[in-house]
Amino acid sequence: MNQHARTISLTVNGHAVTAAVAPRTHLADFLREQRLLTGTHLGCEHGVCGACTILIDGEPARSCITYAVACDGRSVTTVEGLDADPLAAELRDAFSAEHGLQCGFCTPGMLVAARDVVQRLPDADDAAVRVAMSGNLCRCTGYVGIVNAIRRVLDARKPRPE
Amino acid sequence: MSTTTGVGAPIRRKEDDRLLRGRGRFVGDVALPGMRELAFVRSPVAHARIRAIEVPPDHAGAVFTGADLAGDGVRAIRAASGLPGFKVSEQPALAIDKVRFVGEPVAVCVADTRAEAEDIAAAVFVDYDELPVNVDMLEAVKPGAPRVHEHWPDNVILETRTGGDLSAVAATAAVRVSRTIRTARQCMVPLEGKGVVAHRDRQAEQLVLTTSTQIPHIVRAGLAECLGLDQGAIRIVPPDIGGGFGWKGLLQPEEVVAAWLALRLDTPVRWTEDRREHLVAAANAREHHYEITAYADARGRLLGIEADALVDAGAYSVYPFTACLEAAQIGSILPGPYDFPHYRCRTVSVATNKPPLVPFRGVARTGVCFAMEQMIDAVAAAVGREALEVRLENLVRPEQMPFDNVTGKHFDSGDYPESVRRAAAAIGVEGVRERRARGEPDGRLVGVGFATYCEQAAHGTAVYHGWGIPMVPGHEQAHARITPDGGLELRVGVQSHGQSMETTFAQVAHEVLGIPVDRIKLVHGDTALTPYSTGTWGSRSMVMAGGAVATACRRLAERVRRIGGHLLQVPAGDTTLADGCVRAGAASVTVREVAHTWYRAPQRLPADVDPGGLEVTAGYKPGSDHGTFSYATHAAVVAVDPELGSVEILDYVVVEDAGTMVNPMVVDGQIYGGVAQGIGTALYERMPYDAEGQPLASTFMDYLIPGFTEVPHVRILHMHTPSPYTEFGVKGIGEGGAIAPPAALCNAINDALAPRGATVTDAPMTPEVILEALRRAGGPA
Amino acid sequence: MKAADFDYAAPRTLDDALALLARDDGAARPVAGSQSLGPMLNLRLAQPGLLVDITRIPELRDIAVDGDALVVGACVTHARLEDGGYPDPTGGVPARVAAGIAYRAVRNRGTIGGSLAHADPAADWVAALTALGADVIVAGPHGRRSVAMADFIVGAFETDLRPGEIIAAVRIPALSERARWGYVKVCRKTGEFSHATGAVLADPGRGVARCVVAAASGRPVVLDDPRLLADAAARDAAVAARLGGDPAAIRPHLVALRRAVAQVTP
């Protein structure tokens, strides 16, 4: 084991986890290699593409430029941890209906970011959705299906006039 | 079509659920007991002799070089074209003696983690004796240029000549327009990089590669050649693949190294390409240079095209497509969808000290369309007509179909001018003209542009043989098996990397057999389980493998009806098969019951039952060997900021004729995604090199690919001219979206800049390029 | 790429952090959200021996009004500034600037202090805080000192921070009711680092009329001359004189500033 290894305790997808990590191990590698949570993907490892986006204490973050050692005491949620989340379920349904994914590699990060956008910007129009989602890159879909999927969920959640 | 889930139905994808739950299995997700990680020492210089490779004593045994591979008899990658005069390069998987581009693998380091492997790589010292560098293909073809391969007389990999003498046309044509046109070197950037896990399967006595490839059977063939193994001793198992676009359509040196190491170390090894490696060592697409002249009459009717096209093919010939596919394609497809009588084209594939050129979605068509469509607009300007009118004047007309053009391309069907008219109506040309006349309150310049192309896809045997590619596709095969419980398994050797084949092939099978889509399982790619295939490239999979699936299912249908008829006590000819039931009048028997009979109750089978039972392998080729011809017109409206040179796409319309669409939602998705990549080519993506051949972008901070706000909400309109030659009339369309955007956007930008007298001809049309054009025309703003 | 090996400490007090940074031989580096340093670590462009994570120090995470200024702790994230909910005598300018930094997932981790310490000339806080006339409060082995933003950024990726010092907070002066803020970035993509930034603060109530040009090759250009707001030619000439070099390279900066000025001009 790495000479600088530290023991951290954190919550991963609702489960308490204690693990030894090398300080240089970024959170995505920790999740993927040590926790076998491979739904979190690495697309650039320099914080631009968004494929590795996960939740730390409920907020989206780049797991490739966040180090696991810095997450001691935090609560981390990956796409696997959103399996039973009602909003994530709505988004999954909408992504499928609108063909918001092709190869599926960017998709976990997209879902995490999209969930945040739906929660934070309930009144966003398509242009605002595009700006808010611009931290996630997709090379397959041309984004149309993803924007439509988020639109579908936003519209479905709007209170209906009496 | 016949059902709500068969051919023509926009059903949801079977792939989605696992991918949406993070349960896909990509190559980086594969972990095997005892697996070790690889990192490559890559050349930091573009051209040098390797004097020495020094491994610190601490790391002895963890670092391997080209000498180690050669010592074990590993052969260099060799991709030879059959075209006369082609110069063959030898690419050792790890460089021996010489490096020829920045990023070329020089040594491989093995450790328990990737980080530790990179630590070792950083500690390896390579002594380079630097050599003069070829960065620019125009310089590299000049006499006296440094030679990439010193035993060659020059850097010309192959020169081709198509067509004849145009001097008579040149002497009499009313209009002559010439342009120099260039497209930049690009990276393909699938969101998932390349990756491979290699291990020895002791039971099967096979080397197994779990590798993110589009062409598993071809990778096996190439590996067998390099490693000196029987193909039967190798199994390729593609996992879920995070996009490819061409980058995963070749035998990678890293695959050879990983395969060799797994055997040598007798332990599983994994390499995953990181983004920096991809950008630096795999900047390998699109770099074309055209000197092109169009001759036309006074109305703008094309009389002839003359072109010299150079392609920067980089340092080596990639397996299997070779270093001259792109240029060979240019020679035959430059005329595009236009009908004109005279043509001459010289192409030169040039070796330079850059990564090897790889066919990227659209392959040469994107550059060809960029060049040809600029010429249409240039001719229109020269004769004082709307580009739209000149385009209509010259396109192949529907009444000419099927049509053989000046290079012998056999256009199967369609109404190309109608696609232009519909695009013009949808984009609202008149409205744009009025808006332009009014001017923009913020001073931006608005313009509209068009581009029309044909997408020859699913290239047949003659086409590939004609291009000299050593991997010539013939019949495509599919295996179909009805399971004992009445479900269906399909096996095809093509490999989905985002194309939705698990869904669309199930739709094809459902169309024929009526078995529910959710009871149809696709096995694809795995060389141990699927029929041989050249793989997924060239927009071929639905036409070829889809056709094979349909053919296999038809044969199965005959056998199902034969058994079903027997159970119903009627001749097979008196039965129908639909909705999962064999019917004769009011009586029926389900496919499930037929399957049960074959597998579990054979005593009830007819005596003369086909002993092949309920599984069939069938081969397929379309009725024409020329490939299918889908086509489209793209129309774009842009606003150019003349102060900053920035471009906003205000509207973008695609009018596409894909023939019969198996799943229209998937077809639209291919077009949206292709257009986004084409916008990258048009406006953003370029790998800059300095004079020493150093790539100057190594992250997504400096190599820009389009994001949510750079891609507009593209509008797609469909035309439907089924191919006369294929199953259901489908045509390949996977690449089309990426072909026209640079051309349509260039024409739109030039329309916007026209009042300032400025013209851009090079992609990407960055702010610098546009401001420079304005400067040449008399100054921006 | 994976980061080179490093050690890690997460002190709970500023004194502990300073002690860690002081005892080392220069191989220690403070880190907050790691949104700028993280990519450099992963690319091995930075290879510190020890990372001192200062985000667990409560006092560095405060936002407070102190007299006539908004004081923002170094470890306050861009997202927290973006979302508001704190008393703000600066009329919401920090929130607007923060909302334009990179992407939300980056803003959730990235901090104002980290951004300043990184001192990328294209960074939003480098431009905006210079235009706002903010002061950087620096903590070091010899106590605290305050440095004007215009002096803090020394050059591209260079600050006035001395060995062992860290940024403790940023002090942003309150704006008057009549203050107007103009801010224009030239980016080819949303969230991309700026290629040219123009920032303008016109606060007649306090006698401030400041133009800043940032995202050039070095430190921001600061022009404190009310006449330049009205006189485009003089402004362009002043910027050109300060930036020097190729007119084509200067041009986006002139345009960005001109458009920022237009935002403050009624």
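The sequence lines fix the lettering, A, B, ..., with proteins before strands; numbering per chain opens at 1. Reckoned from all heavy atoms, side chains included, excluding hydrogens, waters and symmetry mates.
- Heavy-atom neighbours of Arg151(A) CZ from other residues, nucleotides or ligands within 6.0 Å: above the threshold of 12.
- Comparing Ala127(A), Gly142(A), Ser134(A), Gly39(A) by how many heavy-atom pairs each has under 4.5 Å with chain B, the most go to Gly142(A).
- Nearest heavy atom pair, residue Arg139(A) against residue Gln677(B), reads O-NE2, 3.0 Å.
- Residues of residues 79-106 of chain A that come closer than 4.5 Å to chain B, counting heavy atoms only, are Val79(A), Glu80(A), Asp83(A), Arg92(A), Asp93(A), Phe95(A), Ser96(A), Ala97(A), His99(A), Leu101(A), Gln102(A), Cys103(A), Gly104(A), Phe105(A), Cys106(A), ordered by residue number.
- For the set Thr40(A), Leu137(A), Leu36(A), the count of heavy-atom pairs under 4.5 angstrom toward chain B peaks at Leu137(A).
- The shortest heavy-atom contact between Ala51(A) and Leu191(B) is CB-CD1, 4.4 Å.
- With Arg32(A) contributing its side chain and Gly28(B) its backbone, the two residues share a donor-acceptor pair below 3.5 Å.
- Residue with the most contacts toward chain A among Asp112(B), Ile705(B), Val714(B), Thr272(B): Ile705(B) (heavy-atom pairs, distance under 4.5 Å).
- Looking at Leu42(A), only its backbone comes within 4.5 Å of chain B, counting heavy atoms on both sides.
- If you measure heavy-atom distances from Asp240(B) to chain A, you find no contacts under 4.5 Å at all.
- In this structure, no portion of Ala31(B) lies under 4.5 Å from any heavy atom of chain A.
- With a 4.5 angstrom heavy-atom cutoff, Ser500(B) touches chain A only via side-chain atoms.
- In this structure, the portions of Pro706(B) lying under 4.5 Å from any heavy atom of chain A include both its backbone and its side chain.
- Contact annotation for residues 56-64 of chain A against chain B (heavy-atom separation below 4.5 Å): no residues qualify.
- Considering only heavy-atom pairs separated by less than 4.5 Å from chain B, the leading option among His41(A), Met133(A), Arg130(A) is Arg130(A).
- No side-chain heavy atom of Glu116(B) sits less than 4.5 Å from a side-chain heavy atom of Asn2(A).
- Relative ring orientation between Tyr143(A) and Phe708(B) is described as tilted, the plane-to-plane angle lying within the 30° to 60° band.
- The contact between Ile241(B) and chain A is made entirely by backbone atoms, counting heavy-atom distances below 4.5 Å.
- Among Met110(A), Arg24(A), Glu33(A), the residue with the largest count of heavy-atom pairs under 4.5 Å with chain B is Arg24(A).
- Of the listed residues (Gly674(B), Ala676(B), Gly498(B)), the one with the most heavy-atom contacts under 4.5 Å to chain A is Gly498(B).
- Across Pro108(A), Cys140(A), Gly145(A), the residue that shares the most heavy-atom pairs under 4.5 angstrom with chain B is Cys140(A).
- Proximity to chain B (any heavy atom under 4.5 Å) is restricted, for Leu111(A), to the side chain, taken from C-beta onward.
- Heavy atoms of Val711(B) lying under 4.5 Å from chain A belong to its backbone as well as its side chain.
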Walk me through it: do Asn148(A) and His713(B) pass the test side-chain contact (heavy atoms from CB on, under 4.5 Å)? CA-CA 10 Å; Asn148(A) 288 347; His713(B) 199 109; 3.2 Å; yes

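- A donor-acceptor pair under 3.5 Å links the side-chain atoms of His46(A) to the main chain of Phe700(B), judged by distance alone.
- Both the backbone and the side chain of Glu192(B) come within contact range of chain A, judged by heavy atoms closer than 4.5 Å.
- Inter-residue side-chain proximity for Arg275(B) and Glu45(A) is flagged as unmet; no heavy-atom pair is nearer than 4.5 Å.
- Counting heavy-atom pairs under 4.5 Å between each of Thr107(A), Val144(A), Val48(A) and chain B puts Val144(A) at the top.
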